[in-house]
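Report on one structure; see the data block that follows.
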Amino acid sequence: MSERRVRVRFAPSPTGGLHMGGVRVALFNYLFAKKHGGDFILRIEDTDQTRYVKGAEEYIINSLKWCGIEPNEGVGFGDGPHAPYRQSERKEKGIYKKYADMLVKSGHAYYAFDTSEELDEMRKRLEAAKVAAPQYNAVSRQTMRNSTTLSEDEVKKLLDAGTPHVIRLKVPRNEEIRFHDIIRGWVVVNSSQVDDKVLLKSDGMPTYHLAHIVDDIEMEISHAMRGEEWLPSAPAHILIYRYLGMEDKMPQLAHLPLILKPDGNGKLSKRDKSGLPMFPLNWFDERTNESYIGYREHGFFPEAFINMLVLLGWNPGNNEELFTKDELIKIFSLERVNKAGAKFDPEKTKWFNQQYLRKRPDTELAEMIRPVIEEKTGKKYDAKFLEGFCRLIKEKAHFVNEMWDLGSYFFITPTSWDAEVLKKRLNEQTLSLIKQVRQDLAALADFTAVETENTFKATAEKMGIGTGQVMQLFRVAITGVGGGPVLFEMMELFGKEESLKRLDNAIAAFKV
RNA sequence: GGCCCGUUCGUCUAGGGGUUAGGACGCGUCCCUUUCACGGAUGAAACACGAGUUCGAUUCUCGUACGGGCUACCA
């Protein structure tokens, strides 16, 4: 048990887009593995043929890549010594059957021939008898068609005839099952609460319960992190390890708290009315024809997305909350994961992106936004201008893709001007001031922010007008709108020619 | 219903037998900026409830309430 090499896995089912809850499980696994210099494996648990969704596997891989939490072994990330990593392929190699047979042989599992109708009947019968938890267990198994009730001959005959059957775990009637969870401590459950779980389905596929255990053993997994929804079935899993005689190979368990809906109750679902995505990337569900927007397409930086996720249910123990991935790897620990579910907070999520937007160098931002701007305007811009735009406008944005809407007037010479401001501030006196400022500005050799501001102020003073009376009107003349970044900075960026042109346009259009 | 897990400001959380119960998001006010935003300052805002243990419980124990999860030949 001690000093095992750290090997963890993320093992999603390809039944749809990877939900952000899943991304967080992957993230915790990734951070834990990197922190301990271990391995992070991607295993695809595609044992349910009926729920298999084409494209889901690729989506999972792409999502992990975008988030920067890449496994170093497994499907899509280079096969390692334990290939294959897709359970359907492992099933073909007879891996699961072998373990199931071991359990049958040792008397800890049995064949069950019950049809689904018979199972339904059993449940109805138990419900009618007011049994608190109707299930296939040590008691009800005695009334069913399985190898614990049938004679050896009968069983052999059924098996030889190819009768559809499953293999079930033979859970003892009344036994205390104790297990330790890194996050929750000791958990005790009586086996009477655990049902005889199906291990091998009638189509020959293993269920999750068998498959994940077999794979965790064979892939030498040291720590199993998964969502809290698995806590109730953990006792059954303990039993399987025990009956296999492989308790020493059992990974340490860590059941992560769930991410809950921001408002109301319940766990976060595929859609949320907060307006923020629930998926890392855009996802289109072919079955239902529904599409879901992704964090990437919404305009999030992967770093911000990850930073937000890691703080849902974990914290470093101090007041810091902005971390690079490398910092997270250094400080992450399972001991600091909370027990309680965490409500997702859309507002704070946006705040994280804003923080990362602000940190991003203007040179990078400029290249990110260049395609948008060139597409909108049909013109080319040099890097300097775009960088200046980013520098001035980014303080107001949460997302790169908001920057155009916030400052399209950087690129488009205004042809209309904020009517409210005009109504309030435009009169003969202010108009004449603007005309005069235009003249004085034209005389400037150095069209810098400092010079233009000094000129504006001097002219206003000369004419006996308080700057407060005309400042906003002047801004509107230049940009068309009443708010925005520091005006003189913008004028410097626009340049003398463009600034004067804008003033001429305004002067021509302003009617007192 | 049964079983399991949980419960500190609206939200994410720190803390932990004796604290002015700290931070962040959001919200309010003020300053900065003749705008908006950023930034700075500041305010309102929490230990679910009841017992027990204790000199003293938000912290430990037990109940209650509430919330969540599970209860499939799904994961």
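All of these numbers come straight from a predicted model, not from anything done at the bench. Quick note: numbers below take in every heavy atom, side chains included, and nothing from hydrogens, waters or symmetry partners. Lettering follows sequence order; numbering is per chain, from 1.
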Tell me whether Lys359(A) at atom NZ has more than 12 heavy atoms from other residues, nucleotides or ligands lying less than 6.0 Å away. yes
Those residues that, when tested against Arg475(A), pass salt bridge (Lys or Arg N to Asp or Glu O under 4.0 Å) (two or more places apart): none
Among residues at least two apart in sequence or on other chains, which ones pass salt bridge (Lys or Arg N to Asp or Glu O under 4.0 Å) with Glu347(A)? Lys350(A)
Just grab all the salt bridge (Lys or Arg N to Asp or Glu O under 4.0 Å) pairs involving residues 204-216 of chain A, residues at least two apart or on different chains. Arg9(A)-Asp216(A), Arg43(A)-Asp215(A), Arg43(A)-Asp216(A), Arg90(A)-Asp215(A)
Between N or O atoms, less than 3.5 Å apart, protein on one side and nucleotides 20-23 of chain B on the other: list the pairs.
from   : atom 1 : to        : atom 2 : distance (Å)
G23(B) : O4'    : Asn319(A) : ND2    : 3.4

Would you kindly give the CG-to-P distance between Leu256(A) and C5(B), to the nearest whole Å? 17 Å
For nucleotides G69(B) and U54(B), find the distance between their C1' atoms and express it as a whole number of Å. 36 Å
Nearest-angstrom distance, P atom, G18(B) to U61(B): 16 Å
Look at Glu290(A) together with Lys270(A) and state whether they make a salt bridge at an N to O cut-off of under 4.0 Å. no
Quick one, Phe279(A) and Tyr59(A) - any side-chain contact, counting heavy atoms below 4.5 Å? yes
Which whole-number value in Å describes the distance from Asp263(A) CG to G67(B) P? 15 Å
Which of residues 178-192 of chain A sit near RNA chain B, with a heavy atom under 4.0 Å from it? Arg184(A), Val187(A)
Whole angstrom is fine here: how far is it from CD1 in Ile478(A) over to P in C36(B)? 20 Å
In whole angstrom, give me the gap between the C1' atoms of A14(B) and A46(B). 13 Å
According to the Watson-Crick and G-U wobble definitions, with both distances under 3.5 Å, which nucleotide is paired to U19(B)? none
Inter-nucleotide C1' distance (U71(B), U20(B)), Å rounded: 48 Å
NA contact type, Arg226(A), heavy-atom cut-off 4.0 Å: base, sugar-phosphate, or nothing? nothing
Charged N to carboxylate O below 4.0 Å: is that the case for Glu453(A) and Lys457(A)? yes
Residues which pass ring-ring contact (aromatic ring centres under 6.0 Å, His included) with Tyr356(A), listed by chain and number, not counting sequence neighbours: none
Letter per nucleotide, 5' to 3', of nucleotides 69-75 of chain B [B base touched, S only sugar-phosphate touched, - untouched; heavy atoms, 4.0 Å]: BS--BBB
Which value, in whole Å, describes the distance between the P atoms of nucleotides G39(B) and C25(B)? 8 Å
If you measure from the P atom in G15(B) to the same atom in A75(B), how many Å do you get, rounded? 38 Å
When rounded to the nearest 0.5 Å, the distance separating CG of Leu311(A) from CG of Leu322(A) is 9.0 Å
All N/O donor-acceptor pairs, side-chain side in residues 167-179 of chain A, below 3.5 Å, sequence neighbours left out:
from      : atom 1 : to        : atom 2 : distance (Å)
Arg168(A) : NH1    : Asp196(A) : O      : 2.7
Asn174(A) : OD1    : Asn190(A) : ND2    : 2.8

Considering residues, nucleotides and ligands other than Glu218(A), do more than 12 of their heavy atoms fall under 6.0 Å from its CD? yes
Report yes if at least one side-chain N or O of Arg336(A) is closer than 4.0 Å to OP1 or OP2 of G15(B); otherwise report no. yes
d(CG, Leu392(A); P, U33(B)) in whole Å: 18 Å
Pairs involving residues 388-399 of chain A, ordered by first then second residue, that meet side chain to side chain donor-acceptor pair (under 3.5 Å) (sequence neighbours left out): Asp362(A)-Lys394(A), Arg391(A)-Glu489(A)
Just say parallel, tilted or perpendicular for the rings of His165(A) and Phe113(A), cut-offs at 30° and 60°. tilted
For U71(B), what is the paired nucleotide under Watson-Crick or G-U wobble rules, both distances under 3.5 Å? G1(B)
Would a line drawn from the ring center of Phe305(A) to the ring center of Phe352(A) be shorter than 6.0 Å? no
Given atom NE2 of His398(A) and atom C1' of C25(B), what is their separation to the nearest angstrom? 10 Å
Which residues satisfy the salt bridge (Lys or Arg N to Asp or Glu O under 4.0 Å) test with Glu320(A), sequence neighbours excluded? none
G52(B) to U58(B) separation - P atoms, rounded to the nearest Å: 13 Å
Checking base pairs now: Watson-Crick or wobble, both atom distances under 3.5 Å. What partners U53(B)? none
Any protein N or O atoms within reach of nucleotides 38-47 of chain B? Criterion: under 3.5 Å, listing atom names and distances.
from   : atom 1 : to        : atom 2 : distance (Å)
C38(B) : O3'    : Arg358(A) : NH1    : 3.1
C38(B) : O2'    : Glu395(A) : OE1    : 2.8

Spacing between Ile393(A) atom CD1 and C36(B) atom P, to the nearest angstrom: 15 Å
Any strand counts, and the cut-off is 3.5 Å on both contacts for Watson-Crick or G-U wobble. Which nucleotide pairs with C66(B)? G6(B)
Length of the line joining Trp417(A):CH2 and U35(B):P, which is rounded to integer Å: 24 Å
With a 3.5 angstrom cut-off on both distances, give the Watson-Crick or G-U wobble partner of C36(B), or none if there isn't one. none
Parallel, tilted or perpendicular, as decided by the 30° and 60° cut-offs, for the rings of Phe488(A) and Phe456(A): tilted
Exercise: do His255(A) and Arg226(A) side chains pair donor with acceptor under 3.5 Å: yes
Specify the residue among Gln469(A) and Phe344(A) whose closest nucleotide of RNA chain B lies further upstream toward the 5′ end. Phe344(A)
Can you tell me how far P of U13(B) sits from CG of Asn307(A), to the nearest Å? 14 Å
Rounding to an integer number of angstrom, what distance separates G22(B) and U8(B) when you compare their C1' atoms? 11 Å
Base partner of C27(B), which must satisfy Watson-Crick or wobble distances under 3.5 Å: G43(B)
Members of residues 483-490 of chain A that approach RNA chain B, where some heavy atom sits under 4.0 Å away: Gly483(A), Gly484(A), Pro485(A), Val486(A)
Minimum-distance pair of heavy atoms, taken over all atoms of Glu127(A) and Pro134(A): CG-CG, 3.8 Å
NZ or CZ of Arg141(A) within 45° of Tyr136(A) ring axis and under 6.0 Å: no
Counting the atoms with a prime plus P, OP1 and OP2 as sugar-phosphate, which does Asp345(A) contact under 4.0 Å by heavy atoms, base, sugar-phosphate, or nothing? base
Under 4.0 Å, heavy atoms only, any strand: does Gly227(A) hit a base, just the sugar-phosphate, or nothing? nothing
